[in-house]
Amino acid sequence: MSDNKKMVEAITPINEDFAQWYTDICLKAELVDYSSVKGCVILRPYGYAIWENIMHNLDARFKATGHENVAMPMLIPESLLQKEKDHVAGFAPEVAWVTMGGNEPLEDRLCVRPTSETLFCDHWSRVLHSYRELPMKYNQWCSVMRWEKTTRPFLRTREFWWQEGHTIHETAEQAIAETEQQLETYADFAEKDLNIPVLKGRKTDKEKFAGAEATYTIEAMMHDGKALQSGTSHYFGDGFCRAFDVTFAGRDNTLQYPHETSWGVSTRMIGAIIMTHGDDEGLILPPAIAPIQVVLVPVAAHKPGVLEKAAELQMRLSKFVRVKLDDSDNSPGWKFAQWEMKGVPLRLEIGPKDIEKDQCVIVRRDTREKSFVPLAELEVQIPALLKALGDNLYARAAENREKRTFSCTTMDEVLKTAAEQNGYIKTMWCGALACEEQMKEQAGISSRCIPFEQEHLSDVCPCCGKPAAQMVVWGKAY
RNA sequence: CGGGGUAUAGCGCAGUUGGUAGCGCGCUGCGUUCGGGACGCAGAGGCCGAGAGUUCAAGUCUCUCUACUCCGACCA
């Protein structure tokens with residue numbers, strides 16, 4: 001095949017140059033196009049369809065737990081952004097400003113939202129009066145802007161699409177429970193629907209969200225062993241609410257500050273899907289969010305009855321899966337390669353020989369395994385194959401993570417391991433910022449999280465030798 | 001933001017010491033094909049990333065900018 005110059009979309013082999021492979025997939029699977037503004041990408045129909053499926057799935061989960069959608073403005077007055085000092089310090093270096101209105105300079109410049117905590121708090125300061133109105137559990141689907149220096153499609157763009165949930169609660173306990181619940185929602189979605197195993201934990205102070213008391217994260221490991229922060233959930237205590245004067249009359253009729261959370265996932269998740277599951281043939285999409293779950297390829301479509309049979313199957317399958325009939329003039333081989341590139345989980349081939357035998361050929365994208373399936377069994381076999389494929393994607397990813405997870409008790413081990421390969425490195429940690437910085441400087445790794453599931457690897461921190469009670473997972477990150 | 005690379009048709013590329021642009025694939029039409037990236041014939045398609053400059057003349061030389069890409073630094 002390598003001498004065939006007519007390949008539809010040749011991509012760089014995954015193990016030859018992972019970064020280039022990733023970029024190739026983004027462009028050649030027609031997920032994105034670049035725009036004329038650095039770091040601002042166009043989500044093309046196929047890429048946006050993936051995002052739509054992610055949105056629908058998560059939105060249903062949020063609604064089921066009592067959240068309501070809202071829409072906030074995209075502009076934030078500078079004065080509002082300034083109110084919480086840690087927050088503004090964290091975001092100021094990467095916000096874009098609107099300084100002109102028409103031809104007139106603005107007296108107060110406006111920031112294009114990098115995140116909307118300030119807008120929500122400003123709003124709540126006006127509408128909240130009584131404990132009876134709590135909790136307020138809001139979410140919005142929108143895009144935000146952060147003026148990143150280095151950009152890559154999905155992983156880090158200046159404008160990106162996400163959801164940001166913002167809630168306020170009467171008590172700290174309730175807010176903390178909300179933070180945990182939403183992290184759990186993300187983890188469940190990642191594992192069950194994206195087939196991506198995730199590591200749940202808390203961020204160190206160095207890595208937590210600007211202005212938060214605690215940041216919880218799900219971390220996913222990519223094919224090359226690098227980590228990708230794939231979703232975060234923050235507990236703010238009452239810090240923002242105090243800064244924005246958000247108050248309510250409590251049960252005892254005293255004025256109180258609510259306790260706040262926020263949580264978000266973004267189009268970065270699509271990057272995680274690509275880099276977790278893809279292979280040399282292209283993208284592999286988890287069945288739950290694949291825009292097309294089964295592509296129907298008629299073979300010898302000009303022969304009488306073939307297209308008719310394919311159209312009939314399309315109608316039948318559309319009742320229980322997202323199906324596309326590719327009745328274009330391209331050759332079957334071209335279609336096979338093209339739909340593999342685009343990551344469609346199952347391909348169903350139907351030709352004259354099949355029709356004679358009342359069967360079809362079904363090919364799995366993950367293993368490329370072919371099977372002959374009697375047409376009568378499609379309603380049973382297709383869902384079973386989709387399930388098996390999703391399970392296999394998860395198992396493969398889990399295996400890769402397992403292979404690339406290491407425990408170290410001394411700095412020498414850490415340095416050696418980090419130098420040899422990418423992956424998770426588990427060590428004990430004393431909690432000192434200095435040791436965290438040393439890990440970055442010497443081994444080139446950052447703390448991914450303090451996992452909820454702790455292990456006791458040794459008694460001391462490998463950096464400073466002081467007593468260490470908690471285990472941290474380190475790694476190189478996107 | 002620092003360092004390396006790139007920018008010529010939709011994609012991949014060629015274009016000599018400066019002389020006004022070509023190839024393959026794709027695309028359009030017709031016909032033959034069709035179980036792993038088909039073939040024939042006939043066509044369409046380019047202010048050479050942008051802006052200045054040098055020159056009789058710039059894809060080619062000079063400067064500036066922009067975007068992409070890779071490696072760092074930075075970054076919910």
Side-chain angles (χ1 to χ4, degrees), chain A residues 1-12 17-24 26-28 30 32-41 86-87 90-95 113-117 144-153 155-158 160 162 164 203 206-212 215-218 228-234 236 262-266 268 281-282 297-303 306-307 326-341 347-355 359-361 363 368 370 372 440-441 444 446 476-478:
Chain A
M1 212 185 294
S2 57
D3 57 347
N4 192 332
K5 294 282 172 52
K6 293 176 181 169
M7 288 190 157
V8 178
E9 301 285 354
I11 57 171
T12 306
D17 184 345
F18 189 69
Q20 192 58 54
W21 170 87
Y22 176 79
T23 305
D24 285 351
C26 289
L27 296 173
K28 292 176 176 171
E30 299 177 327
V32 297
D33 182 31
Y34 295 110
S35 75
S36 304
V37 179
K38 178 181 169 64
C40 293
V41 296
D86 289 340
H87 187 67
F91 280 102
E94 52 178 279
V95 292
R113 64 183 165 206
T115 178
S116 306
E117 277 75 9
V144 292
M145 179 160 281
R146 300 180 188 179
W147 213 250
E148 304 285 356
K149 290 168 181 167
T150 301
T151 59
R152 302 187 71 188
L155 301 179
R156 177 159 284 109
T157 49
R158 286 183 173 171
F160 58 90
W162 76 345
E164 45 179 329
K203 286 288 188 187
K206 180 174 185 286
E207 299 284 330
K208 77 181 183 190
F209 181 81
T215 290
Y216 301 95
T217 178
I218 53 171
L228 185 69
Q229 178 178 305
S230 303
T232 48
S233 184
H234 315 288
F236 290 107
S262 81
W263 27 275
V265 298
S266 70
R268 177 183 270 190
E281 266 63 55
V297 178
V299 176
H302 61 293
K303 299 243 170 89
V306 174
L307 262 183
D326 185 352
D327 56 1
S328 69
D329 283 338
N330 295 310
S331 72
W334 190 93
K335 292 175 186 176
F336 297 166
Q338 179 69 3
W339 293 111
E340 281 173 3
M341 164 72 71
R347 177 175 78 241
L348 191 155
E349 303 170 19
I350 183 92
K353 289 183 233 165
D354 301 311
I355 294 172
Q359 65 175 29
C360 65
V361 176
V363 184
R368 301 176 103 195
K370 285 190 183 188
F372 294 94
K440 179 70 188 172
E441 281 160 27
S446 57
K476 296 190 179 89
Y478 275 99

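Proteins come first, then strands; the chains are lettered A, B, ... in the order of their sequence lines, and each starts at number 1. Predicted model only: the values in this text are computed from it and were never measured.
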Set out, line by line, the N/O atom pairs under 3.5 Å between protein and nucleotides 32-34 of chain B.
unit_1, atom_1, unit_2, atom_2, d
B:rC34, O2', A:A300, N, 2.8
B:rC34, N4, A:H302, ND1, 2.8

Measure all distances between protein nitrogen or oxygen atoms and nitrogen or oxygen atoms of nucleotides 70-72 of chain B, and list the pairs falling under 3.5 Å.
unit_1, atom_1, unit_2, atom_2, d
B:rC70, OP1, A:A19, O, 3.4
B:rC70, OP1, A:T23, OG1, 3.1
B:rC70, OP1, A:R152, NH2, 3.3
B:rG72, O6, A:T150, OG1, 3.0

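- Using Watson-Crick or G-U wobble geometry with both donor-acceptor distances under 3.5 Å, B:rC39 finds its partner in B:rG31.
- Across all strands shown, A:T232 has heavy atoms under 4.0 Å from sugar-phosphate atoms exclusively, and none from any base.
- Computed from coordinates, the A:F209 CZ to B:rC75 P distance equals 14 Å when rounded to whole Å.
- Taking only side-chain atoms of A:H234, from C-beta outward, the nucleotide of B:rA76, B:rC74, B:rG35 with the closest atom is B:rA76.
- Residues forming a side chain to side chain donor-acceptor pair (under 3.5 Å) with A:T217 (at least two apart in sequence, or on another chain): A:E219.
- With a 3.5 Å ceiling on both atom-pair distances, B:rU17 lacks any Watson-Crick or G-U wobble partner.
- Looking at residues two or more places apart in sequence or on another chain, you find no side chain to side chain contact (heavy atoms under 4.5 Å, CB included) involving A:K149.
- B:rG49 and B:rG15: their P atoms are spaced 15 Å apart (whole Å).
- Spacing between atom CH2 of A:W339 and atom C1' of B:rG36 amounts to 17 Å, rounded to whole angstrom units.
- B:rG10 and B:rG19: their C1' atoms are spaced 30 Å apart (whole Å).
- Comparing the C1' positions of B:rG12 and B:rU69 gives a spacing of 16 Å, expressed to the nearest Å.
- Closest contact between the side chain of A:E94 and the listed nucleotides B:rG35, B:rU69, B:rC75 involves B:rC75.
- When Watson-Crick and G-U wobble pairs are counted only if both distances are under 3.5 Å, B:rU66 pairs with B:rA7.
- Pairing of B:rG72, defined by two Watson-Crick or G-U wobble distances under 3.5 Å, is identified with B:rC1.
- Figure legend. B:rG53 is base-paired to B:rC61; pairs are counted as Watson-Crick or G-U wobble with both atom distances under 3.5 Å.
- Atom P of nucleotide B:rA76 and atom CZ of A:F160 are separated by 11 Å, given to the nearest angstrom.
- In this structure, A:G444 reaches neither bases nor backbone, as no heavy-atom distance under 4.0 Å exists between it and the strands shown.
- The gap from the P atom of B:rA52 to that of B:rA58 amounts to 13 Å, rounded to the nearest Å.
- For the pair A:D326 CG and B:rG36 P, the computed distance is 16 Å after rounding to whole Å.
- Rounded to whole Å, the distance from CD on A:Q338 to P on B:rC11 is 16 Å.
- Between B:rU16 and B:rA21, the distance separating the two P atoms is 14 Å to the nearest Å.
- Relative to the ring axis of A:F336, A:R347 places its NZ or CZ within 45° and under 6.0 Å from the centre.
- If you run side-chain hydrogen bond (donor to acceptor under 3.5 Å, both in side chains) between A:T12 and each of A:T23, A:D17, A:D24, only A:D24 comes through.
- Residues satisfying the side chain to side chain donor-acceptor pair (under 3.5 Å) criterion with A:K476, sequence neighbours excluded, are A:N422.
- A search for side chain to side chain donor-acceptor pair (under 3.5 Å) contacts involving A:E207 returns nothing, not counting sequence neighbours.
- Residue-level contact check: A:E340 touches the bases, meaning some heavy atom is under 4.0 Å from a base atom.
- Legend: residues meeting salt bridge (Lys or Arg N to Asp or Glu O under 4.0 Å) with A:E148, ordered by chain and number and at least two apart, are A:R156.
- Residue contacts shown for A:V297 are absent, as no nucleic acid heavy atom lies under 4.0 Å away.
- Atom NZ in A:K38 sits about 16 Å away from atom C1' in B:rG49, given to the nearest Å.
- Applying the side chain to side chain donor-acceptor pair (under 3.5 Å) criterion to A:S266, with sequence neighbours excluded, gives no partner residue.
- Across all strands shown, A:K203 has no heavy atoms under 4.0 Å from either base or sugar-phosphate atoms.
- The separation of B:rG24 from B:rA14, taken at their P atoms, amounts to 16 Å, rounded to a whole angstrom.
- Counting distance only, with no hydrogens placed and no angle test, the side-chain atoms of A:R156 and the base atoms of B:rC75 include a donor-acceptor pair under 3.5 Å.
- If you take CH2 of A:W334 and C1' of B:rG35, they are 18 Å apart, rounded to a whole angstrom.
- Between A:F91 and A:C360, the residue anchored nearer the 5' end of RNA chain B, judged by the nucleotide with its closest heavy atom, is A:C360.
- Residues forming a side chain to side chain contact (heavy atoms under 4.5 Å, CB included) with A:Q359 (at least two apart in sequence, or on another chain): A:D354, A:K357, A:F372.
- Toward the 5′ end of RNA chain B lies the nearest nucleotide of A:C40, the other residue of the pair A:R268 and A:C40 mapping further downstream.
- Contacts of A:W162 with the nucleic acid, taken as non-hydrogen atoms under 4.0 Å apart, include base atoms.
- Looking only at side-chain heavy atoms (C-beta outward), A:V306 and A:P352 come within less than 4.5 Å of each other.
- Here the separation of B:rC25 from B:rC41, taken at their P atoms, is 11 Å to the nearest Å.
- With hydrogens and angles ignored, no donor-acceptor pair closer than 3.5 Å exists between the side chain of A:E281 and the base of B:rG37.
- Across all strands shown, A:R158 has no heavy atoms under 4.0 Å from either base or sugar-phosphate atoms.
- Between the C1' atom of B:rA76 and the NZ atom of A:K208 lies a distance of 13 Å, rounded to the nearest Å.
- When all heavy atoms are compared, the tightest approach of A:T232 to A:Q229 is CG2-NE2, 3.1 Å.
- Of the P atoms belonging to B:rG59 and B:rG51, the separation is 13 Å, rounded to the nearest Å.
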Next on the checklist: Under the criterion ring pair (Phe, Tyr, Trp, His ring centres under 6.0 Å), I'd like the reasoning laid out for A:F209 against A:F91: C-alpha separation, chi angles, the key distance, then a yes or no.
Outcome noted: CA-CA 10 Å; A:F209 181 81; A:F91 280 102; 5.5 Å; yes
